[in-house]
Amino acid sequence: MNLTPQQQAAAKEAFLRVSRRDFMVASTAAIATTGLTSGAFYYGYGKVHGDPLRVAVLGTGDEGNVLIGAINPEYIQVKAIADIRPFNVFRAFHGDNSNDTIINIRKGLMNVYGWKTEDEARKHVKVYGHYMECLDKAKEDGIEAVIIGLPLHLHAPCAIAAMRRGLHVLTEKLMARTTAQCKEMARVSEETKRFLATGHQRHYNILYEEAMETIKRGTLGDLHYIRAQWHRGNMPGTDSWQMPMPYAAKPDDPQAMRLLNDLKSLKVRLNAAKGAEIDKLAVRVKQKEMQIADAAVDAAQYGYQQNILKDTDGAEYVCPPIEELIRWRLWGRTGGGLMVELGSHQLDAASIFISALHGGQHQHPISVAASGYRNLFPFDRDTNDHIVCAFEFPMPGYDAKDEQKAKQKIAVQYATINGNGFGGYGEIVYGTKGTLILRREEEAMLLRKETASKVAAGAAAGPTMDTQSSGASQSAVATAAAGPKVSRGYTEEMEHFAWCIRNPDPENQPRCNPEVAMADAIIAHVTNMSAVTSERIYFKEEWFQIASDETPEGDKPDLSKYDE
């Protein structure tokens, strides 16, 4: 049977009751008393002493805008931004006004800091094009740190240039495009004594921390299997990663007229609008005009390249530099596909769960076998449409040299697909005493092993927990209780980053430091390698050692290429 809403509520309450501090229910009054944010209260960091940390945001596209929207002004003051796209600069100030929902996430600097106009905001925030222009003026602008939201291939050169200028770095995930680049970044961080944090925000999501504590206490019993997924309904013509191109930039693109038609429709609505609707539609019209203005960007000047693909019939698909810039996630040179953008988060989550069995010590996988498929989208990208993979992680006591102990492994299964969004995204941790379910980074449910009937949790969005098997399945017994909405962790990771810089004690370190972030990157990169060959790959411990020159890709770290 499916869990009823009452049973789902009971499963959530069951999770809350076994949590380390009953934080989700009990912390509201304590936070109000201390004046701390929820992250500061929970993770033990305090307020920033003195002025907020002065930062520059380099890259203000979709993810950069999410980070801007999550800023707590008490901890961070944005002094500058850098982006070569007019569309991204506009959204950095005004937020993403595409619809009434997304503006609550990508809020923009004006909403975060309470500035009434862009002119007022620009008195506080300098605007640069290329990120190097901003870095070269960093001291003059009083900047102490940078937040990097650039395309993946720019993470390493930007972070290294920033640290060599004395700036601390918080970069969006993935840490870097290759393992060698990760090691180069980590070594520069050590040499310059600058913080280098990576934005795997689940390290600052209270649900995941509580899940780890639940596993530590043995509530789930023996843990042998984790299943995770990220399913999206993207189809040709409606792919969220294939942003529409400005007509002037690529007139023959299948979506070439989309932006012009959208703008025309918005103007018609604006002309008929009344009252507050006028202001809302006016900013949407301006945002669409700025998106069309991206056509004037000389992407080749900034290092973006033309890609030419040929299908089995010899037909060519030509991707000009401006398309590689706008649709960078679809190209292997600038991005890393599904495992980098989605899978890295959830394999990071699996690592968090497994570390709980090892006293909190981060664990590296033993092996991965992956398959990648290109059977949905036309030949207009060089990344996979779907990836399915299986990992082996060590249980406590695992020893590869001992025949019996070498069998003590935890299986992790992961799928990320397009074309069918059923189940959404989330993780399920299976134990001999219960099952722990995390959905959309916002909900957690604990199912106790009790009945022998089939249990499926969640007809709504989120992973479907269909635990039908030959053995007993589970149900939860508790009463519902409401708690504060769970933060996804973006705000907390930036607060803690600022606090660590303002409190430079060796013990104060970002939770996703270079060693942890590099491990997440290696998992994603090696999975992509396995998906190409369809062969199992065994991880080598040297790959995870910052001081070692060994990498799965075979190239060695070389800092000389960053010499200016």
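As a basis for the values below, the full set of heavy atoms in this structure was taken, side chains included, without hydrogen atoms, waters or symmetry mates.
- Atom NZ of K137 has 12 or fewer heavy atoms from other residues, nucleotides or ligands within 6.0 Å.
- The one candidate from D96, D83, N97, T60 that meets the side-chain hydrogen bond (donor to acceptor under 3.5 Å, both in side chains) condition with R91 is D96.
- Residues passing the salt bridge (charged side-chain N to carboxylate O under 4.0 Å, His left out) test with R177: none are found, sequence neighbours excluded.
- Figure legend: R333 and W328 shown without cation-pi pairing, the cationic atom not lying both under 6.0 angstrom from the six-membered ring centre and within 45 degrees of its axis.
- In terms of the salt bridge (charged side-chain N to carboxylate O under 4.0 Å, His left out) criterion, residue partners of E341 (sequence neighbours excluded) are, by chain and number, K173, R329.
- One finds a salt bridge joining R164 and D563 here, because a Lys/Arg side-chain nitrogen approaches an Asp/Glu carboxylate oxygen to under 4.0 Å.
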Before giving the answer on side-chain hydrogen bond (donor to acceptor under 3.5 Å, both in side chains), spell out for H155 and Q181 the whole-Å C-alpha distance, their side-chain angles and the decisive distance to 0.1 Å. CA-CA 9 Å; H155 286 191; Q181 289 179 340; over 6 Å; no
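- For R202 and D348, the salt-bridge test fails: no basic side-chain N is under 4.0 Å from an acidic carboxylate O.
- Checked for salt-bridge contact, R106 and E63 miss the test: no charged N lies under 4.0 Å from a carboxylate O.
- Heavy atoms from other residues, nucleotides or ligands lying under 6.0 Å from CD of E74 number 12 at most.
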Full working for side-chain hydrogen bond (donor to acceptor under 3.5 Å, both in side chains) between Y208 and E427: CA-CA 10 Å; Y208 286 84; E427 303 86 30; 2.5 Å; yes
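- Aromatic ring orientation, W115 versus Y113: parallel (interplanar angle below 30°, classes split at 30° and 60°).
- By the 6.0 Å contact criterion, CD on E515 is open, its count of non-hydrogen atoms from other residues, nucleotides or ligands being 12 or less.
- A salt bridge links K561 with E184: at least one charged nitrogen is closer than 4.0 Å to a carboxylate oxygen.
- Under the 4.0 Å criterion applied to side-chain N and carboxylate O atoms, E442 and R439 are not assigned as salt-bridge partners.
- With salt bridges taken as basic N to acidic carboxylate O contacts below 4.0 Å, one links D136 and R165.
- Ring-plane geometry between F497 and H168 is classed as perpendicular, the angle between the planes exceeding 60 degrees on a 0 to 90 degree scale with a lower cut at 30.
- Qualifying salt bridge (charged side-chain N to carboxylate O under 4.0 Å, His left out) partners for K540, counting only residues two or more places apart in sequence or in other chains: none.
- For the pair R511 and Y204, the cation sits on the ring face: its NZ or CZ lies under 6.0 Å from the ring centre, inside 45° of the axis.
- Counting heavy-atom neighbours within 6.0 Å of E541 CD, excluding the residue itself, gives a total above 12.
- No side-chain donor-acceptor contact under 3.5 Å links E392 to the backbone of S367.
- A donor and an acceptor atom, one from each side chain of Q413 and Q229, are nowhere located under 3.5 Å apart.
- With respect to D62 and R85, no salt bridge is recorded, no charged nitrogen being found less than 4.0 Å from a carboxylate O.
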